[in-house]
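Owing to the predicted nature of the structure, the values given are computational and were not obtained by experimental measurement. In what follows, chains carry the letters A, B, and so on, assigned in the order in which the sequence lines appear, proteins first and then strands, with residues in each chain numbered from 1.
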Protein chains: 2
Amino acid sequence: MSAADATILLVDDHSVVREGYRSVLQKQPGLRVIAEAADGAEAYRLYKSETPDLVIMDLSMPGIGGIEAVRRIRQWDKAARILVFTMHENAGFAVQAIRAGARGYVTKTSPPESLVRAVKDVLAGKIAISPDIDHELALSRISGESSAADVLTPREFEVLRLLLAENTTEEIAETLHVSPKTVANLHSLIKDKLGVGSDIELVRLALRQGILTEVDLGEA
Amino acid sequence: MSAADATILLVDDHSVVREGYRSVLQKQPGLRVIAEAADGAEAYRLYKSETPDLVIMDLSMPGIGGIEAVRRIRQWDKAARILVFTMHENAGFAVQAIRAGARGYVTKTSPPESLVRAVKDVLAGKIAISPDIDHELALSRISGESSAADVLTPREFEVLRLLLAENTTEEIAETLHVSPKTVANLHSLIKDKLGVGSDIELVRLALRQGILTEVDLGEA
DNA sequence: GCAACGTCGTGAAATTTTCCCGGCGTTGGT
DNA sequence: ACCAACGCCGGGAAAATTTCACGACGTTGC
């Protein structure tokens with residue numbers, strides 16, 4: 001392990017997956033895994049104490065998720081290099097991750113070589129995006145599916161989040177200190193803006209765009 | 001590699017995860033990974049040609065999913081030993097997997113030792129279930145959350161699946177050759193039987209119970 | 001045979017969704 | 001300072017949906 005080795009922090013809540021990362025990266029000269037974390041909070045803590053050259057970060061994790069972890073790390077170190085490596089092939093997640101400050105986005109379906117290449121690219125200062133995600137992004141542009149976070153006003157987005165949570169119209173009206181009528185109006189307006197006809201479609205859209213993640217369901 | 005080694009087929013659509021499996025299992029004497037598959041169809045094909053002693057199977061995969069792959073393999077070989085190893089910590093998935101013929105269910109959050117132990121248990125003819133899933137199952141018994149597949153009649157379940165797909169009431173009526181009114185009635189009855197008040201809750205329940213999986217969304 | 005149940009449908013009441021409207025405050029440009 | 005544009009809040013009423021009660025029909029099982 002030469003002093004010139006690039007140091008890496010692995011973040012994934014599945015230990016077997018971390019094992020896989022390590023196995024792949026070990027074969028590459030010049031790379032050294034110096035720490036591992038199983039959730040966002042631990043990742044943040046370890047980044048501050050170890051200041052690795054690169055973080056490889058999963059998104060779906062209990063507690064503080066990957067996106068939030070990216071945000072926090074970047075807030076602490078504007079120069080942090082974070083490569084998101086996740087199962088989610090949705091363009092929505094990629095957009096969120098990059099906006100949060102990630103320098104790369106690679107899906108887990110990619111072959112190991114792609115991960116290695118992305119690692120090297122990010123270390124070299126480049127931005128690395130999976131080809132399939134590039135394609136997804138292009139498609140979402142073409143199909144014109146509006147990103148909820150973009151077309152909705154803050155208030156509308158807030159109502160959307162609460163709707164997806166599990167609250168009834170009345171409960172949401174209660175928490176927001178407005179009349180149930182307003183919530184119903186916003187609910188209708190949101191569906192209109194997002195171009196969906198039913199609540200079921202609304203939930204599907206939210207899942208696609210990563211507003212609601214499957215792991216959230218456990219907390220119900 | 002002695003002739004007494006237990007042969008293993010790995011099934012997971014993420015190559016890095018397979019890398020992790022292999023790395024963990026390699027350290028164990030008496031185990032030998034002889035093949036890998038990235039989806040259910042390939043798993044079925046490889047099982048028939050290789051007849052391994054054990055299959056380690058992921059659930060979320062493109063095309064033919066893990067549950068269906070388990071079913072097919074067991075149909076071809078009633079003695080097949082399949083260990084499901086997945087990220088899903090929902091009891092619903094575990095129930096489905098076991099009913100389909102899996103001999104074990106371990107979540108990816110479990111430490112590598114748990115995987116190794118489960119592999120040995122299943123090879124020894126035992127049933128291996130993660131402690132966290134045991135707990136989940138106990139909770140779902142206590143909370144009395146009705147399993148959709150159990151309380152719903154076949155017809156109701158069919159309508160539920162179509163509702164979750166993306167169809168409108170009219171489209172479903174069309175495909176089932178019944179009046180839209182009947183579909184609406186069933187829709188209402190389903191929500192009543194499952195004890196949910198809104199469509200949004202309905203989707204959440206379906207996700208928890210594995211009737212709808214996040215990967216299905218891509219096909220929308 | 002008949003009781004129980006699943007399936008399909010009607011009709012009418014109850015509720016919700018949707019659309020249109022106005023008021024109010026903030027922002028930004030002229 | 002003014003006005004226009006927009007976000008936010010909710011009322012009212014029409015339109016659509018959800019829900020409930022009810023009956024018919026066939027099948028199953030005692």
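In this structure, the CD atom of Glu158(B) is 17 Å from the P atom of dG6(C), given to the nearest Å. The CG-C1' distance, from Leu152(A) to dG7(D), rounds to 13 Å in whole Å. Remark: P of dC20(D) and NE2 of His187(B) are 13 Å apart, rounded to the nearest angstrom. As rounded to whole Å, 17 Å separates atom C1' of dG9(C) from atom CD1 of Ile172(B). In this structure, CG of Asp192(B) is placed 14 Å from P of dG6(C), rounded to the nearest angstrom. Atoms CG (Leu202(B)) and P (dT19(D)) sit 11 Å apart, rounded to a whole Å. Atom CG in Leu186(A) sits about 13 Å away from atom P in dT17(C), given to the nearest Å. We find that CZ of Phe157(B) is positioned 13 Å from P of dT7(C), with the value rounded to whole Å.
For Lys191(B), taking side-chain heavy atoms from C-beta onward, the closest of the listed nucleotides dC8(D), dG9(C), dT18(D) is dT18(D). For Thr153(A), whose side chain is taken as the heavy atoms from C-beta onward, the closest listed nucleotide among dG9(C), dT7(C), dG7(D) is dG7(D). Of the candidates dC8(C), dG12(D), dT19(D), the closest approach to any side-chain atom of Thr182(B) belongs to dC8(C). Taking the side chain of Ser188(A) as heavy atoms from C-beta on, and the options dT7(C), dT18(C), dG10(D), the nearest nucleotide is dT18(C). Among the nucleotides dG9(C), dT19(D), dG11(D), the one closest to the side chain of Lys181(B) is dT19(D).
In this model, no side-chain donor or acceptor of Asn185(B) finds a partner on the base of dC8(C) within 3.5 Å.
Using bins of under 30°, 30° to 60° and over 60° for the plane-to-plane angle, the ring pair Trp76(B)/Tyr47(B) lands in the perpendicular bin.
Rounding to the nearest 0.5 Å places CD of Gln96(A) at 8.5 Å from CD of Gln209(A). Atoms OG1 and NZ, from Thr169(B) and Lys181(B) in turn, are 11.5 Å apart once rounded to the nearest 0.5 Å.
Residue Ser179(A) places at least one side-chain N or O under 4.0 Å from the OP1 or OP2 atom of dG10(D).
Under the 4.0 Å criterion applied to side-chain N and carboxylate O atoms, Arg71(A) and Glu68(A) are assigned as salt-bridge partners.
Of all heavy-atom pairs spanning Glu156(B) and Leu152(B), the tightest one is OE1-CA, 3.4 Å.
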